[in-house]
Structure formats: C-alpha cells, structure tokens
S.K.: 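Here it is, the structure, as structure tokens.
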Amino acid sequence: MREGAIVLLPLAQADRTLKPRPAVALRQLPGFGDWLVCGISTQLHHAVAGFDETVDTGDTDFAGSGLVRPSLIRLGFLQAVPVRRIMGRIGSISTDRHRRLLASLSEHLAP
C-alpha cells in the first residue's frame, strides 16, 4: 500500500461502533507499521473550510478514487490503524491532493 491510497476498513464511529468506511492512507507511522488514516464521508455539509477536502465527480482524481459519490475527506476524523485491519484498497487520490491534506494537517498542528 502507498500513501494516498483509498482503503476500506472498519473505523470507530462517534458512538464507538465499528463501521466499514473508506479512508485515505496519509502516512505509514514508524515503529509497528500502522497507518495514519482519515475517514471519508458523503456528508458534504460537515466540511470544515480550509481544512477538509471534497472529492467531486468533476475532479481529475475522482474516477481513480473508487468513490461512487461526491465525498468529503475529513482531516478531523483521524485514526492510526494496524495494516491487518485494512480490508482492501479501492482507489487513490492524486499526489497533489495528498500533499494538500498533509500540508493542512501540518499547518493546523504546528502553526
């Protein structure tokens, strides 16, 4: 798997239940090889301007994303997951979008 892949895995929801969801593999973490992922949602109204990214049907990387509807990459929905929990890869985002996500997250963590 590589950075920018869109994967399917069971992610913990707000009510602590696990639900299979798509997520972007942001970066593999040192040590045990876990991945830092951020969840993807079709609830576009939850977008945080200047932080989250919307993947829309007209975007150049939509077709290769494996997503079936316009979706929101939610940088506030982060989890570190072991690679064994990843059920599979469904697509990927562009290198540019991946870099923007990492830059937004970095700027938020260390302004």
Side-chain angles (χ1 to χ4, degrees):
M1 187 170 56
R2 67 177 197 38
E3 295 179 1
I6 296 182
V7 297
L8 188 64
L9 70 157
L11 286 177
Q13 305 300 293
D15 64 1
R16 298 183 190 210
T17 61
L18 293 177
K19 180 180 175 183
R21 298 186 61 89
V24 174
L26 291 176
R27 176 100 356 127
Q28 193 167 27
L29 300 171
F32 299 100
D34 295 347
W35 279 87
L36 179 63
V37 301
C38 63
I40 298 175
S41 172
T42 57
Q43 302 299 311
L44 303 180
H45 63 278
H46 287 159
V48 176
F51 192 57
D52 293 334
E53 286 256 346
T54 301
V55 183
D56 210 342
T57 55
D59 294 346
T60 57
D61 59 349
F62 182 81
S65 71
L67 301 170
V68 295
R69 305 182 2 194
S71 299
L72 180 65
I73 300 172
R74 295 186 54 217
L75 274 177
F77 188 10
L78 295 171
Q79 291 185 26
V81 297
V83 72
R84 72 180 182 282
R85 284 194 38 214
I86 296 172
M87 301 161 65
R89 179 183 175 278
I90 62 171
S92 63
I93 56 173
S94 69
T95 301
D96 288 340
R97 188 184 303 274
H98 179 254
R99 285 185 187 136
R100 282 195 310 270
L101 288 166
L102 291 177
S104 292
L105 184 57
S106 295
E107 288 171 14
H108 177 72
L109 294 174

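Basis for what follows: all heavy atoms, side chains included, without hydrogens, waters or symmetry-related copies.
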S.K.: What's the spacing between Asp56 CG and Leu72 CG if we round to 0.5 Å?
M.R.: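 These two atoms lie 11.0 Å from each other.
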S.K.: In terms of hydrophobic clusters joined by side-chain contacts under 4.5 Å, are Ile40 and Val68 together?
M.R.: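 Result: no, two separate clusters.
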S.K.: Who passes salt bridge (charged side-chain N to carboxylate O under 4.0 Å, His left out) against Glu53, sequence neighbours left out?
M.R.: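 In terms of salt bridge (charged side-chain N to carboxylate O under 4.0 Å, His left out), with neighbours along the sequence ignored, Glu53 is linked to Arg97, Arg100.
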S.K.: Check whether any side-chain heavy atom of Leu75 lies under 4.5 Å from a side-chain heavy atom of Val48, and answer yes or no.
M.R.: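 In short, these two side chains do not touch, never coming nearer than 4.5 Å.
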S.K.: Distance check, rounded to the nearest 0.5 Å: Leu18 atom CG versus Arg16 atom CZ?
M.R.: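 These two atoms lie 11.5 Å from each other.
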S.K.: List the atom of Ser104, the atom of Gly50, and the distance in Å for their closest heavy-atom pair.
M.R.: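 Distance-wise, the nearest heavy atoms are OG-O, 4.0 Å.
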S.K.: Is it the case that the side chains of Arg74 and Ser41 hold a donor-acceptor pair, with the cut-off being a distance below 3.5 Å and no angle test?
M.R.: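 There is no such pair (donor and acceptor under 3.5 Å, judged by atom type) between the side chains of Ser41 and Arg74.
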S.K.: Ignoring hydrogens and angles, tell me if any N or O in the side chain of Glu3 forms a donor-acceptor pair with the backbone of Arg27 under 3.5 Å.
M.R.: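 Looks like no, no N/O pair under 3.5 Å.
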S.K.: Which atom pair, heavy atoms only, marks the closest approach of Ser71 to Thr42?
M.R.: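 Distance-wise, the nearest heavy atoms are OG-CG2, 3.9 Å.
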S.K.: Whether the Thr17 and Asp15 side chains hold a donor-acceptor pair (N or O, under 3.5 Å, no angle test) is what I'd like checked.
M.R.: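 Asp15 and Thr17 do have a side-chain donor-acceptor pair below 3.5 Å.
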S.K.: Measure the CG-CD1 distance between Leu101 and Ile93 for me, rounded to the nearest 0.5 Å.
M.R.: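 The CG atom of Leu101 sits 5.0 Å away from the CD1 atom of Ile93.
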S.K.: To the nearest 0.5 Å, what is the distance between CG on Leu67 and CD1 on Ile6?
M.R.: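 Separation between the atoms: 4.0 Å.
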S.K.: Between Ser106 and Ala103 (side chain of the first, backbone of the second, donor and acceptor by atom type, cut-off under 3.5 Å), is there such a pair?
M.R.: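 Checking the backbone N and O of Ala103 against the side chain of Ser106, no donor-acceptor pair under 3.5 Å is found.
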S.K.: Measure the spacing between CZ of Arg69 and OG1 of Thr57 and express it to the nearest 0.5 Å.
M.R.: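 Taking CZ in Arg69 and OG1 in Thr57, the distance rounds to 12.0 Å.
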S.K.: Which pair of non-hydrogen atoms, one from Val24 and one from Gly4, has the smallest distance, and what is that distance?
M.R.: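 Closest pair (atom of Val24, atom of Gly4, distance): CG1-CA, 4.3 Å.
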S.K.: Could you list who else is in Trp35's hydrophobic cluster, with ILVMFWY side chains joined at under 4.5 Å, directly or through other members?
M.R.: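 Met1, Val7, Leu9, Leu11, Val37, Phe77, Val81, Val83, Ile86, listed by chain and number.
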S.K.: Mind checking ring pair (Phe, Tyr, Trp, His ring centres under 6.0 Å) for His46 and listing every partner two or more places apart, or none if nothing turns up?
M.R.: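 Applying ring pair (Phe, Tyr, Trp, His ring centres under 6.0 Å) to His46 gives none.
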S.K.: To the closest 0.5 Å, what do you measure between CG (Asp61) and OG (Ser92)?
M.R.: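 Going from the CG atom of Asp61 to the OG atom of Ser92 covers 8.0 Å.
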S.K.: From the options Leu102, Asp96, Thr95, select the one residue that forms a side chain to side chain contact (heavy atoms under 4.5 Å, CB included) with His98.
M.R.: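 That would be Leu102.
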S.K.: Provide the closest heavy-atom pair for Ile90 versus Pro22 in the form atom of the first, atom of the second, distance.
M.R.: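 Looking at all heavy atoms of both residues, the shortest contact is CD1-CB, 4.2 Å.
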S.K.: What are the two closest heavy atoms between Cys38 and Leu78, and how far apart are they?
M.R.: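 Smallest heavy-atom distance, with atoms named: CB-CD2, 3.6 Å.
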S.K.: Let me check something: do Leu26 and Phe32 share a hydrophobic cluster, defined by ILVMFWY side-chain heavy atoms less than 4.5 Å apart, either directly or through other members?
M.R.: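 No, Leu26 does not connect to Phe32 through the hydrophobic network.
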